[in-house]
Amino acid sequence: MELSAWLQNLPDKTRKGLTIIDESHVYHISTNPDIKQFIPQVGSRQMPTEDRTVPRVCCARSIVDAVRGHAAVSGQAINKWKAGSVGVFYIYRLPFKQYIKPLPAIVPDSGLTNELWVVPNDPTTAVFKAGIVGEFIVSAVSEEYEEGELEHSFTLMLHTREPVRLCGNTFLSGYGKIELEREAPINAPVRSNGHAVEEMVPISAEEYQNVFSKLVKNVVKE
Amino acid sequence: MELQEWIKMQNNRIRQNAEVVTLNQAYHISSNPKIKRFIPAISQRQAPSEDRTVPRVCVSPHLVGAICGHAAVSMDAIDSWFDKKMFEMSIYDMPFTEYVKPNSKLVFDAEDTDEHWIVPNDLRSVTFKAPIIGKFVLYSSVDIFDLGVSTFELSFIVHAERPICVYGKQYHTGYFKVVIESKSKIGKYTWGNAYKLKEIIPSNAGEYRSITNRINKNITVGGA
């Protein structure tokens with residue numbers, strides 16, 4: 001079934017909050033390197049006000065948006081470090097050309113994350129495979145409470161095996177680094193994922209390996 | 001009863017792991033600026049391994065030790081900010097010269113906090129008054145996790161009405177800022193109290209006011 005026909009089967013309120021967009025590069029990130037098949041579903045990490053009626057695989061047209069949508073990359077990395085592992089995130093590139101874009105009425109922070117969905121509109125999307133095109137690690141996290149403001153920043157070190165869209169129209173093939181930062185009064189609404197890109201630069205394979213080795217040395221228990 | 005006599009009457013574990021020492025000064029810090037009388041007690045905030053047989057008022061001979069011993073100054077301040085409330089701590093100056101000093105077998109972090117106890121050994125210490133000689137405000141709490149190494153830095157601005165021992169033999173009066181730091185491999189960090197003094201910076205009444213005003217302004221922006 002075409003996505004446009006699938007939309008017609010939804011309740012009015014849901015349908016009005018969803019649009020269809022064409023995208024050639026769309027990604028899902030996960031610490032699981034072995035996702036054999038993706039199955040659209042409603043996860044347990046959604047915000048309380050998010051739609052829970054449409055099964056989906058959440059994804060994004062860039063790595064920065066995927067990280068914003070995930071909303072817990074830096075926290076998960078620190079938890080992995082505490083548990084004695086490096087905490088690699090794997091970048092899966094999804095194989096479709098059309099996606100559902102939820103509007104803020106359906107996903108309140110979609111204006112920040114540009115979240116996209118794969119929904120089960122036909123057998124090819126009900127269960128599907130996606131290949132890993134790269135990975136990244138979190139190398140540093142900083143949380144500063146300063147005179148009632150919270151500044152949260154973290155740095156990603158990436159390695160991609162094909163051109164992967166990092167942000168906007170910037171693609172990376174090889175090694176790169178992204179620093180994300182958010183600063184706001186601590187009681188301002190939307191706390192978790194409105195990070196701006198502070199820095200986005202290519203790096204050498206040696207720099208990536210060097211950081212990776214230091215992280216292994218500091219966190220991996222013998 | 002003299003403290004030495006009091007120690008002899010305690011159980012083996014206390015007798016073998018605590019001694020009586022003389023201090024020039026000892027401080028207790030609290031977010032409550034209205035403690036009328038101190039009464040030695042066993043609080044709910046002790047670590048699970050700490051002694052629970054001796055009622056005491058926990059004190060330290062320096063401000064950094066008192067902050068480390070409290071172990072939750074930054075968390076309490078930030079929680080308070082989330083509740084849109086200012087968080088100021090009072091520094092109480094203890095009126096004694098002799099104290100009980102537990103070793104690390106009784107209080108696992110005693111070396112970091114320089115914790116001492118006031119115990120109910122006589123009528124003077126069963127219940128007593130202590131004056132507030134200063135106040136301080138946390139204005140910055142920085143947690144950095146860099147390649148698996150965690151660094152925590154806390155910054156305070158202090159107003160001391162009388163000379164206060166900040167650390168070691170460093171006495172300061174008036175307005176000044178204190179920065180303390182703790183650094184360790186991730187996962188090794190315990191209880192948030194292994195801070196060391198990093199820096200003492202002179203300040204003034206205007207800066208104390210400006211900082212508290214900015215905090216007040218920032219914590220009242222937005223919020224659910």
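Below, read A as the first sequence line, B as the second, and so on, with proteins coming before strands; counting in each chain starts at 1. Source: prediction; values computed, not measured. Just the heavy atoms: all of them, side chains too, but no hydrogens, waters or symmetry mates, feed the values below.
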* Structure fact -> Per-residue tally against chain B (heavy atom, under 4.5 Å) across A/Ile78, A/Thr155, A/Val138, A/Val211 peaks at A/Ile78
* Asked: Using a cut-off of under 4.5 Å for heavy-atom pairs, which of A/Lys217, A/Glu151, A/Glu147, A/Glu149 has the most such pairs with chain B?
  -> A/Glu147
* To do: For B/Tyr92, enumerate each residue passing the ring-ring contact (aromatic ring centres under 6.0 Å, His included) test, keeping only those at least two apart in sequence or located in another chain.
  => B/Phe38
Is atom [atom1] of [X] surrounded by more than 12 heavy atoms (other residues, nucleotides or ligands) closer than 6.0 Å?
X	atom1	result
B/Lys196	NZ	yes
B/Arg13	CZ	yes
A/Asn169	CG	no
B/Lys177	NZ	yes
B/Lys183	NZ	no

* **Contact residues of residues 132-146 of chain B (partner chain A; heavy-atom separation under 4.5 angstrom)** => B/Tyr139, B/Ser140, B/Ser141, B/Val142, B/Asp143, B/Ile144, B/Phe145, B/Asp146
* Structure fact -> Closest non-hydrogen atoms of B/Ile219 and A/Asn187, given as atom of the first, atom of the second and distance, are O-ND2, 2.8 Å
* Structure fact -> Of all heavy-atom pairs linking A/Lys214 and B/Leu147, the shortest is CD-CD1, 3.7 Å
